[in-house]
Amino acid sequence: MKDELVKNQIYTAEITSYTSEGAGVCRVRGRAVFVPGTLQGEIWEIKLVKVGKTAVWARGERCLQASEQRREPVCPLFKSCGGCALQHMSYEEELHFKQERVRETLLRIGGAEPVMDHIRAANLSRPWRYKVIFAVGERDGEPVTGYYRPRSHEIVPVENCPAVPLAANRAAAAVRRWMCALEIPAYNEALGQDGIRHLLVRVSASSGKSMVCLASSRELSGHEIRALTEKLRFACPEMTSLALCLNRTRGNTVLAGEFRTLWGNDTLEDMLCGLRFALSPASFFQVNPPQAEQLYDLALSLAAPKADETVLDLYCGAGTISLCLAQRAGQVIGVEVIDAAVENAKRSAQENNVLNAEFLCADAEKAVEIFCQRGLHPQLVIVDPPRKGLAEGVISCIAELAPERVVYVSCDPGTLARDLRRFADAGYEAVRGCTVDMFPRTSHVETVVLLSKADK
Ligand code: SAH
């Protein structure tokens, strides 16, 4: 029997790998122990803080031998916030961690070993300023904006966040002032208190104009809306659109429910890959435009659409990938469940004079079933699902549509790996792929994989 590990025991150990969130991993008496804030190759004196059945967590007490890849975090809130968990490592180490994490996950969970090209790095600026959402809460009766502390419902207040554009920091301060002045509560699910939940600030990379969307579980009065508009217009002169998302759902989904423009335009315009896109607050749009361009460029080069091919773009959002594909493919059909995003995609197709793309508002699973029944035969299918990945029915219907190639764009290596295994069972082999660093300084990674029909 292994020696029992006990809370508060102190050990000396070498960090040999990382968890998927980027915490260091060492082995103590045969068990894996997770130590946040440590780097591979370092030697630490650690203190066990939580000994669970499945996981053991420790705190790094003293670094006995530091890695050359260790860096001083830019943000003073690094330790408490958890929003940008990799600031203590060099960017090279971060890229190495991400590339390795994807390779290892695809193999272990998916049994897949596609040829992985070198990770596409960001031109990392400090501060990095690509995030778009703050959580809104209260602390000691005062409104705060920031991020959830890892594994908790507590919001760490952040005022000068290096991860968001300056306009977002200004908008957050204005919202806090507005909540204080008008005594508007923050949402608190545990207390059953209705109020403000989240703040979304998107800044168009091409024009510098911004869209602000406030998510609230309660209606705002006319007086509250006027005061909010005035404070935000003063703090964010570049703002051209202010919207409310009346989100009464439970849990921490940010944008759900009814959307209403409170002031200005209904959409924000941005450019991506030389195309113009109009975006509603409800529509998904990749953060970090230079990296989004790398991602689409990669997806397109792996997909290699030909001029006589029909392409299905499932989970198409505001049609970004679809319209890029349409430049080279014969015909593109985009499928997306959010109505506003589909409307955005149709309008953007028109404005960019794209005549060979059409868009369908539907659940992806239902849409592929219908395409199967109609006997559609696309040569290429692109999927870009949310983190939970693909429903099994989507994979079996895609296999029935029998495209030659499938390109899977994924923001979660774990569900990607699970789905690659299901695709393998359905006759599609993961051939080649690449990871893109869409979210520098966080542990999130985006991966694109090309699958090919095996029995050709
Ligand atoms: N390809 C787009 C969007 C990717 S995000 C881009 O690169 O911008 C994933 C998208 O899937 C979101 O727009 C979300 O609204 C949509 N979505 C989520 N569940 C869906 C479902 N069951 N059916 C169709 N679309 C869905």
Side-chain angles (χ1 to χ4, degrees), residues 120 130 132-133 200 202 204-205 245 247 249 253-257 259 267-273 275-300 302-303 305 311-326 332-349 357-371 380-398 406-412 415-416 419 436 438-439 444-449:
R120 298 231 183 159
Y130 61 82
V132 294
I133 290 168
L200 166 92
R202 268 187 197 147
S204 161
C245 166
N247 181 356
T249 61
T253 306
V254 177
L255 299 174
F259 287 80
T267 54
L268 179 72
E269 269 207 7
D270 211 344
M271 300 278 301
L272 218 46
C273 304
L275 296 163
R276 273 167 53 199
F277 292 94
L279 303 159
S280 300
S283 303
F284 176 90
F285 193 62
Q286 288 289 7
V287 299
N288 205 344
Q291 287 309 89
E293 288 190 341
Q294 290 228 38
L295 178 72
Y296 296 153
D297 177 58
L298 177 70
L300 233 65
L302 285 174
V311 185
L312 211 53
D313 180 19
L314 303 177
Y315 310 86
C316 71
T320 38
I321 298 180
S322 312
L323 296 190
C324 291
L325 281 164
V332 180
I333 307 170
V335 176
E336 161 63 45
V337 79
I338 301 286
D339 192 40
V342 174
E343 289 310 310
N344 292 164
K346 287 179 178 168
R347 185 172 135 197
S348 299
E358 54 184 300
F359 295 93
L360 185 68
C361 184
D363 176 85
E365 190 166 4
K366 299 240 167 62
V368 277
E369 269 171 28
I370 294 169
F371 294 142
L380 170 65
V381 175
I382 314 278
V383 294
D384 184 5
R387 277 192 206 154
K388 66 173 191 263
L390 299 173
E392 283 197 83
V394 173
I395 298 178
S396 52
C397 280
I398 290 177
V406 175
V407 170
Y408 195 137
V409 182
S410 159
C411 55
D412 185 308
T415 56
L416 169 65
D419 292 346
V436 183
M438 294 287 289
F439 316 104
H444 297 289
V445 284
E446 196 86 11
T447 305
V448 186
V449 174

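First listed ligand is number 1; within each ligand, the first listed atom is number 1.
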(Q) If you take the nearest heavy atom of each of L390, V342, D384, which one is closest to atom 1 (N) of ligand 1? (A) D384
Q) Is it true that a side-chain atom of D313 and a backbone atom of S322 form a donor plus acceptor pair closer than 3.5 Å? A) yes
Q: Hey, could you give me the OH/OG1 distance between Y408 and T447, rounded to the nearest 0.5 Å?
A: 10.5 Å
Q.
Could you tell me if the side chain of L300 sits less than 4.5 Å from the side chain of L325, heavy atoms only?
A. yes
**Q.** Shortest reach to atom 6 (C) of ligand 1 by a heavy atom, considering only Y296, F277, F285
**A.** Y296
Q.
Does only the side chain of A391 get under 4.0 Å from ligand 1, or the backbone, or both, or neither? Count heavy atoms.
A. neither
(Q) Just by distance, no angles: are the side chains of T249 and N247 close enough, under 3.5 Å, to form a donor-acceptor pair? (A) yes
Q: Can you pull out the closest protein heavy atom to atom 25 (N) of ligand 1? Residue, atom name and distance to 0.1 Å, please.
A: V337 N, 3.3 Å
Q.
I'd like to check L200 versus V254 (side-chain heavy atoms, cut-off strictly below 4.5 Å). Are they in contact?
A. no
Q: Quick one: look at S283 and ligand 1, take heavy-atom pairs under 4.0 Å, and tell me if it's side chain, backbone, both or neither.
A: neither
Q. Would you call R120 and D297 a salt bridge, taking side-chain N to carboxylate O under 4.0 Å as the test?
A. yes
Q: Supply the atom-to-atom distance T267 OG1 to N344 CG, rounded to the nearest 0.5 angstrom.
A: 6.5 Å
Q: Report the relative orientation of the aromatic rings in F277 and F285; use parallel for angles under 30°, tilted for 30 to 60°, perpendicular for over 60°.
A: tilted
Q. Identify the closest protein heavy atom to atom 22 (N) of ligand 1: which residue and atom is it, and at what distance?
A. D363 OD1, 2.8 Å
Q. Hey, is P386 one of the residues with a heavy atom under 4.0 angstrom from ligand 1?
A. yes
Q. What protein heavy atom is closest to atom 16 (C) of ligand 1, reported as residue, atom name and distance in Å?
A. E336 OE1, 3.2 Å
Q: Could you tell me which atoms of ligand 1, counted from 1 in the order shown, lie closer than 4.0 angstrom to a heavy atom of G317?
A: 2 (C), 3 (C), 13 (O)
Q.
To check your reading of the model: name the closest protein heavy atom to atom 11 (O) of ligand 1, its residue, and the distance in Å.
A. Y315 CB, 3.4 Å
Q) Of the protein's non-hydrogen atoms, which lies at the shortest distance from atom 23 (N) of ligand 1, and what is that distance? A) A364 N, 2.8 Å
Q.
Using a 4.0 Å cut-off to any heavy atom of I338, which atoms of ligand 1 qualify?
A. 15 (O)
Q: Kindly state each residue pair satisfying side chain to side chain donor-acceptor pair (under 3.5 Å) with at least one member in residues 360-371, sequence neighbours excluded.
A: none
Q | Sub-4.0 Å heavy-atom approach of A362 to ligand 1 | A | yes
